[in-house]
Amino acid sequence: MDVMYGWIWRHLPGNVWIRAIISLVLVLGTVYALFQYVFPWAEPLLPFNDVTVDGQ
């Protein structure tokens, strides 16, 4: 895991502050893409609404 993040960090342009800003933008973009596209697509495939307890 550390090897992957180190590789990304070494290949980002700029000094430490620019790299930190680019990293933050990449993380926020990834989270946005997950919540807007991946999670809504996968939600019908997940069994969260399949309950086995009766409401008596």
Side-chain angles (χ1 to χ4, degrees):
M1 198 75 130
D2 291 332
V3 175
M4 178 182 68
Y5 293 124
W7 183 88
I8 293 171
W9 185 258
R10 285 190 306 274
H11 286 81
L12 290 175
N15 60 17
V16 173
W17 291 107
I18 300 297
R19 289 178 180 185
I21 292 170
I22 293 172
S23 297
L24 180 64
V25 169
L26 288 173
V27 167
L28 291 176
T30 302
V31 170
Y32 176 80
L34 285 172
F35 276 99
Q36 291 296 316
Y37 302 107
V38 177
F39 295 157
W41 168 81
E43 192 268 332
L45 305 173
L46 300 174
F48 292 136
N49 292 330
D50 295 341
V51 295
T52 58
V53 178
D54 292 333
Q56 293 180 355

(request) With sequence neighbours excluded, tell me which residues meet side-chain contact (heavy atoms from CB on, under 4.5 Å) with Trp7. (result) Arg10, His11
(message) Clusters formed by hydrophobic residues whose side-chain heavy atoms approach within less than 4.5 Å: which one holds Trp41, and what are its other members?
(response) Leu45
Distance-only donor-acceptor pairs under 3.5 Å for side chains of residues 16-36, two or more places apart:
from: Arg19; atom 1: NE; to: Leu12; atom 2: O; distance (Å): 3.3
from: Arg19; atom 1: NE; to: Gly14; atom 2: O; distance (Å): 3.2
from: Arg19; atom 1: NH1; to: Trp9; atom 2: O; distance (Å): 3.4
from: Ser23; atom 1: OG; to: Arg19; atom 2: O; distance (Å): 2.8
from: Thr30; atom 1: OG1; to: Leu26; atom 2: O; distance (Å): 2.8

